[in-house]
Protein chains: 2
Amino acid sequence: MGESSARTLDRVFSAVSDPTRRAILARLADSEARVTDIATAFPISLNSTSKHIRVLEGAGLVRRSVRGREHILALDAAPLAQAAGWIVHYRRFWGDQLASLDAFVAGRDKTDRTGRSS
Amino acid sequence: MGESSARTLDRVFSAVSDPTRRAILARLADSEARVTDIATAFPISLNSTSKHIRVLEGAGLVRRSVRGREHILALDAAPLAQAAGWIVHYRRFWGDQLASLDAFVAGRDKTDRTGRSS
DNA sequence: AGAAGATTCACCCATGCAGGTGAATATATG
DNA sequence: CATATATTCACCTGCATGGGTGAATCTTCT
């Protein structure tokens with residue numbers, strides 16, 4: 001399971017490296033949405049939005065349920081857990097700035113999670 | 001502080017999305033190394049290795065100390081903590097597969113951390 | 001000074017991706 | 001059937017990047 005998911009890890013990290021896609025995830029964390037809903041919320045075209053969603057789907061971060069002519073998109077953060085699993089291996093190198101991961105989580109929870117930088 | 005680090009987050013995720021670079025990080029987690037040491041450990045040229053290290057430096061994940069003609073590279077996992085901070089915002093969407101992050105950390109700690117495939 | 005080692009710089013090539021526009025495909029709705 | 005809505009497909013452009021080769025730079029050693 002650790003070997004075949006390397007490709008997935010590639011895609012997850014790559015997908016999440018884009019600010020627009022991180023913003024899309026933040027949006028979907030709030031509520032489900034259609035492709036058009038997301039497109040109108042960002043200064044990019046509907047087409048570009050569709051491609052971003054494709055990438056997020058390829059990473060397993062977004063799931064789509066076609067209901068009629070509307071494509072309802074929902075966040076699926078499971079691959080992020082996998083990504084966290086990789087990162088956490090290096091937690092002993094994080095140094096004195098972060099004692100425990102849970103403490104880190106608690107302290108950081110009120111930060112903005114959009115990741116938008118225009 | 002949360003805004004200017006968005007770019008950093010981009011670079012961290014992007015840097016880590018490459019399997020070769022993840023393997024380089026794993027190597028540096030074991031011990032410091034020169035550029036040549038890393039290059040000989042991978043089936044890519046010295047030049048390509050140098051570029052990968054540049055990317056990792058740009059993400060703040062690797063620090064270089066020039067000692068004479070040798071460039072000693074060391075892991076700096078602090079940016080990974082920042083990346084973990086972003087991911088952790090979505091931990092409540094991870095579902096039933098992972099109850100608490102610490103439990104996850106404990107259970108996953110003996111998995112391989114190389115990230116190498118092939 | 002001269003030679004060998006370590007690393008980078010300057011290009012080249014191919015691929016991928018983010019962004020766009022315009023047409024095509026479904027699905028509702030009148 | 002005809003039309004509006006939702007999404008994608010096909011294609012184009014510009015830029016970044018992973019890979020390579022060969023020359024240049026800098027440092028150590030004899």
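Note that this is a predicted model, so its numbers are computed, not measured. Below, read A as the first sequence line, B as the second, and so on, with proteins coming before strands; counting in each chain starts at 1.
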Euclidean distance, atom CG of residue Asp18(B) to atom P of dC17(C) [Å, nearest integer]: 13 Å

Student check: side-chain heavy atoms of Pro19(A) and Arg22(A) closer than 4.5 Å: yes

Pair Asp37(A) + Arg27(A), salt bridge at N-O below 4.0 Å: no

Separation of atom CZ in Arg34(A) from atom P in dT5(D), rounded to whole Å: 11 Å

Spacing of Asp10(A) atom CG relative to dG16(C) atom P, expressed in whole Å: 14 Å

His52(B) side-chain N/O to dT17(D) phosphate OP1/OP2 under 4.0 Å: no

Side chain of Arg69(A) (C-beta onward), nearest among dT21(C), dG18(D), dA4(D): dA4(D)

Tyr90(B) side chain vs Ala78(A) backbone, donor-acceptor pair below 3.5 Å: no

Pull out every protein N or O sitting under 3.5 Å from an N or O of nucleotides 22-24 of chain D, one pair per line with the distance.
residue	atom	partner	partner atom	Å
dG22(D)	O6	Asn47(B)	ND2	2.7

Options dT7(C), dC11(D), dG20(D), nucleotide nearest the side-chain atoms of Lys51(B): dG20(D)

Spacing between His71(A) atom NE2 and dT25(C) atom C1', to the nearest angstrom: 10 Å

Residue Arg54(B), side-chain heavy atoms: nucleotide from dG19(D), dG19(C), dC9(C) that is nearest: dC9(C)

Hydrophobic cluster membership, Leu46(A) vs Leu73(A), 4.5 Å side-chain cutoff: yes

Pairwise 5' ranking along DNA chain C for Gly68(A) and Ser14(A), keeping only the more 5' one: Ser14(A)

Arg63(A), CZ: over 12 other non-hydrogen atoms inside 6.0 angstrom: no

Distance, rounded to the nearest Å, where Glu70(A) contributes CD and dA26(C) contributes C1': 13 Å

Atom-to-atom span, CD1 of Ile24(B) to C1' of dG18(D) - whole angstrom: 12 Å

Closest to the Arg21(B) side chain, choosing from dT7(C), dG18(D), dT7(D): dG18(D)

Whole-Å gap separating C1' (dG5(C)) and CZ (Arg67(B)): 17 Å

Side chain of Ser48(B) (C-beta onward), nearest among dC9(D), dT7(D), dG20(D): dG20(D)

Nearest listed nucleotide, side chain of Val55(B), among dG18(D), dA6(C), dG19(C): dG18(D)

Residue from Thr20(B), Ile24(B), Ile44(B) passing side chain to side chain contact (heavy atoms under 4.5 Å, CB included) with Ile38(B): Ile24(B)

Protein-nucleotide distance (Ile38(B), atom CD1; dT7(C), atom C1'), rounded to Å: 13 Å

Candidates dC11(C), dT21(C), dA6(C) - which lies nearest the side chain of Ser45(A): dT21(C)

Reference residue Arg21(B); test side chain to side chain contact (heavy atoms under 4.5 Å, CB included); the match among Val16(B), Leu56(B), Ile53(B), Leu61(B): Leu56(B)

Touch class at under 4.0 angstrom, heavy-atom based, for Leu46(A) against every strand present: base

Hphob cluster co-occupancy, Val35(B) + Phe42(B), side-chain heavy atoms under 4.5 angstrom: yes

